[in-house]
Structure formats: structure tokens, C-alpha cells
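Note sheet for the following structure.
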Amino acid sequence: MPSTKAARASAAAQAAALQTAPLQTNVIHQGDCVEILNRLPAGSVDLVFADPPYNLQLGGELHRPDNSRVDGVDDAWDRFADFKAYDDFTRSWLSAVQRVLKDSGSLWVIGSYHNIFRVGAILQDLGYWVLNDVMWRKSNPMPNFRGTRFTNAHETMIWCAKDKDARYTFNYDAMKNLNEGLQMRSDWTLPLCTGEERLKNGGGDKLHPTQKPESLLYRVIMASSNPGDVVLDPFFGTGTTGAVAKTLGRNYIGIERDADYIAGAKRRLAKAKPVSDEKLLLTPSKRNEPRIPFGSVVERGLLSPGTVLCDSSGRHTAKVRADGTLISSDHRGSIHQVGAAVMGAPACNGWTFWHMKMGANLVAIDVLRQKVRAELGEALQ
């Protein structure tokens with residue numbers, strides 16, 4: 001029989017070998033999340049979504065007014081001896097996640113009032129850099145049957161980078177497009193996971209008590225990863241993260257202890273169909289588009305000197321000068337400077353503020369900038 005010391009040395013050697021081996025993706029690892037995370041190569045994951053135990057500290061069964069029992073979270077994996085035990089567990093898995101994240105990666109953690117404040121404090125203690133707290137407002141929350149508190153209608157997600165200097169991914173334009181052209185806010189109204197999306201066991205009951213809706217993971221993955229990236233979920237459950245990642249052309253890694261959850265997740269993943277055309281997954285970022293000076297529009301003859309521009313209401317007007325500047329009754333300068341001056345504002349996007357006559361309509365001069373960009377794109381192809 002090998003000595004205990006020799007066995008430890010062998011285990012350490014195996015773990016070191018796993019850390020240097022190529023990363024396996026689109027797999028579910030069964031076991032303890034910290035142990036498995038410690039086997040993965042450092043700096044190998046682009047995005048982590050974590051739905052850890054909430055430590056709900058339930059004090060007995062909950063019943064509806066008709067005396068039927070509420071099917072809440074009473075599983076062993078959500079019970080901890082005390083707050084210290086929960087904090088030690090949280091610090092352990094967050095440290096392990098931090099090691100496997102790329103320097104450009106980010107982490108999302110979801111929780112309720114029971115745990116999210118403790119998680120947030122530990123995140124900051126470990127050096128993570130909080131980017132947003134996002135409130136998931138449930139459009140169909142469970143009522144407070146006892147009438148002793150407000151209905152708990154939201155959960156909180158903390159989105160953070162590995163450290164304050166990280167160049168994390170944020171697909172701003174994709175989020176804006178999902179929100180019909182408006183900036184995506186940090187309060188998301190989405191329904192709970194119900195109906196056919198909810199996985200059931202052989203008896204017709206919920207397979208997992210806290211299965212998250214795919215719509216929630218859709219936003220998270222679209223916002224903070226790119227096609228081909230690796231998305232890891234250390235509390236994989238029934239595989240919502242993996243199913244959405246697969247659909248959106250990302251690779252996934254799941255870690256889960258419960259064999260029944262894993263079986264359900266595998267059935268679900270087998271049905272998930274990835275988008276076949278990667279072009280449909282990409283949202284071009286306006287920040288990456290080539291800069292077009294307004295003078296380029298003038299020198300190409302798309303606008304002639306002397307053309308009168310106005311704002312969308314027709315209240316403010318200015319004329320185009322031959323050198324690509326504008327002149328109004330009181331101001332002269334760039335399209336942005338004159339736009340800001342006539343509004344009395346500190347700044348202005350002149351491309352969207354100024355409009356030109358096109359037939360019977362007023363059209364933002366930004367259409368001319370897009371025309372020049374399209375011509376440049378064709379010339380480069």
C-alpha cells in the first residue's frame with residue numbers, strides 16, 4: 001500500500017497534469033465544484049455564471065391558504081451550519097473561479113436577500129471589480145402566503161470583472177438592439193421558469209427547485225461573451241447555462257454533483273440546436289466602425305456647401321460650410337459643437353441631431369455617414 005504522503009503526491013501530480021492539459025469543453029463534470037475548478041487550466045474561461053446555494057435558512061414547511069404545501073427549496077445542498085460555514089464555502093468557490101477566469105473574463109452571480117450581500121462583500125475582498133448589480137424583477141413571483149412581509153419579487157445578479165483593470169467583454173450594441181434601440185437598464189423584467197421549459201422528474205414534479213429561465217441566461221451570455229467563448233457554470237443544475245450557450249454558439253463547461261440533475265441536463269442539451277450561421281450571432285459594434293469626419297461627406301458631394309440643416313423639430317438651423325463646419329446665426333464650429341451650442345447642452349452627437357430634407361421628410365445626416373462607411377467597406381473587400 002502506498003503511504004499517505006505518496007498518495008498525496010500522486011494526487012497533486014494528477015491535478016497538475018490536468019491543469020496543463022487542453023481544456024475540454026461542452027462537457028459536464030460530476031463532483032465538487034471547487035475540486036473540479038482546481039483541476040482546470042488557469043485563465044481558460046471567458047465567462048462564468050454562478051447560481052450558488054442561497055442558504056435560505058428555512059424554518060419549517062410553508063403552506064398556501066388552502067393548506068397545500070409549497071414546493072420550496074429544502075434540499076441538503078442549500079443547508080449550512082451557520083453564516084461562517086456559508087462564507088467559507090463562498091470564498092472557496094469564488095477563489096477557484098477567479099483562477100480559471102481569463103484576465104478579460106467576467107463573472108455573474110445570482111442570489112436573493114438571504115445571501116447576495118455576503119457574496120458581494122467576499123467578491124470585493126477577493127479583488128473582483130463590480131460592474132453592475134442587475135435586478136431580475138419576476139413578472140410572476142410567488143406570493144407571500146403568510147402576509148407577514150412584502151412579496152419577494154426579485155433576485156439580484158452581481159456582474160464583475162476579474163479585477164479593476166480587466167478589459168472585459170460587454171456587447172453594448174447587442175443589448176441596445178434587444179431593447180428596441182434603447183440602452184439596456186439594470187432592471188430586467190422576466191418571468192419565472194414555467195410550462196414546458198420547466199424540467200420534471202418521473203413523478204411530474206419539478207426536477208430542480210430553482211431552475212432559471214432561459215431568457216435570463218440569454219441576456220447574460222449575449223451581453224458578456226462572444227461566439228466561440230467558453231462559458232462555465234459551477235452549479236450547473238439542469239443545464240440552463242449550457243443550453244443557451246450551445247444555442248448562441250458558445251462552448252460550455254458544467255459542474256454538478258447531483259446525478260439526476262445531470263441526466264436532465266444531458267437530455268436538455270441534446271435538444272438544444274445551435275444557430276447555424278455565425279453571422280446571425282454577431283452584432284457589429286459602432287465603436288469599432290471607422291471614424292468618418294463630416295468633411296468627408298461634404299468633399300464627396302453628399303452635402304453641398306450652403307445646405308441648410310435643422311434639428312428634428314425644425315427649431316434650430318445651420319448652414320454647411322465648404323470646410324465641413326456649420327454656421328448658425330450665433331455659432332460656428334463642428335456639427336457637434338454647433339449642435340451643443342444651439343441646445344445649450346454640454347455635448348451633442350451632431351450626426352443624429354442634424355437633419356436634412358429628403359423629399360418630404362427630414363432624415364438624420366447619419367445616413368450619409370453610413371453610406372461612406374459602406375463604400376469604405378466595399379473598397380477593403
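Note: hydrogens, waters and symmetry copies are ignored here, and every other heavy atom, side chains too, is used.
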Test: [X] and [Y] ion pair at under 4.0 Å:
X    : Y    : value
D229 : R250 : no
K279 : D277 : no
K176 : D173 : no
K84  : D88  : yes

F294/V320 under side-chain contact (heavy atoms from CB on, under 4.5 Å): CA gap, chis, key distance, verdict | CA-CA 10 Å; F294 180 65; V320 177; 4.1 Å; yes
How long is the span from the [atom1] atom in [X] to the [atom2] atom in [Y], to the nearest 0.5 Å?
X    : Y    : atom1 : atom2 : answer
L207 : N201 : CG    : CG    : 6.0 Å
D163 : L126 : CG    : CG    : 12.5 Å
L107 : S224 : CG    : OG    : 10.0 Å
R39  : E35  : CZ    : CD    : 6.0 Å
I221 : F49  : CD1   : CZ    : 8.5 Å
L94  : I122 : CG    : CD1   : 7.0 Å

Over all heavy atoms of both residues, which pair between [X] and [Y] is shortest? Give the atoms and the distance, please.
X    : Y    : answer
L37  : R99  : O-NH2, 2.8 Å
P305 : A322 : CG-CA, 3.8 Å
P234 : A50  : CG-CB, 4.0 Å
L47  : S225 : CD2-CB, 3.9 Å
A96  : N38  : CB-OD1, 3.8 Å
E256 : Y261 : OE2-CD1, 3.5 Å

Carefully, step by step, assess T247 and V244 under the rule side-chain contact (heavy atoms from CB on, under 4.5 Å).
-> CA-CA 5 Å; T247 300; V244 177; 5.6 Å; no
Could you tell me whether the side chains of N115 and Y86 share a donor-acceptor contact shorter than 3.5 Å?
-> yes
How about H336 and S334: does a side-chain donor come under 3.5 Å of a side-chain acceptor?
->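 There is no such pair between these side chains.
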Considering only heavy atoms from C-beta outward, does the side chain of [X] approach that of [Y] to under 4.5 Å?
X    : Y    : result
V134 : W188 : yes
N171 : N226 : yes
F236 : H29  : no
T240 : D233 : no
I327 : T325 : no
W159 : V220 : no
L326 : L309 : yes
I28  : L269 : yes

Would [X] and [Y] show up in the same hydrophobic cluster when neighbours are defined by side-chain heavy atoms closer than 4.5 Å?
X    : Y    : answer
V109 : I255 : yes
L23  : V27  : no
F235 : Y252 : no
W93  : L232 : yes
V372 : L303 : yes

Could you go through the side-chain contact (heavy atoms from CB on, under 4.5 Å) check for V342 and H331 one step at a time?
-> CA-CA 8 Å; V342 297; H331 308 283; 4.1 Å; yes
Starting from the C-alpha separation in whole Å, work towards a yes-or-no answer on side-chain contact (heavy atoms from CB on, under 4.5 Å) for D46 and T169.
-> CA-CA 9 Å; D46 298 283; T169 295; over 6 Å; no
Can you tell me which residue pairs pass the side chain to side chain donor-acceptor pair (under 3.5 Å) test with a partner in residues 290-310, sequence neighbours excluded?
->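 Every side chain to side chain donor-acceptor pair (under 3.5 Å) pair that includes a residue of residues 290-310, provided the two are not neighbours, is R300-E375.
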Taking only distance into account, with no hydrogens and no angle test, what donor-acceptor pairs under 3.5 Å do side-chain atoms of residues 351-362 form with protein atoms, sequence neighbours excluded?
unit_1	atom_1	unit_2	atom_2	d
T352	OG1	N349	O	3.2
W354	NE1	I335	O	2.9
H355	ND1	F353	O	3.0

Test L131 against every option in W108, Y168, F170 by the side chain to side chain contact (heavy atoms under 4.5 Å, CB included) rule and name the one that passes.
-> Y168
Has [X] got a side-chain atom pairing as donor or acceptor with [Y]'s backbone, closer than 3.5 angstrom?
X    : Y    : answer
Q211 : L199 : yes
R268 : T238 : yes
W136 : L190 : yes
K162 : Q98  : yes
K212 : T210 : yes

Give a yes or no on this: more than 12 heavy atoms of other residues, nucleotides or ligands lie within 6.0 Å of atom [atom1] of [X].
X    : atom1 : result
M175 : CE    : yes
R185 : CZ    : no
K319 : NZ    : no
Q30  : CD    : yes
R118 : CZ    : yes

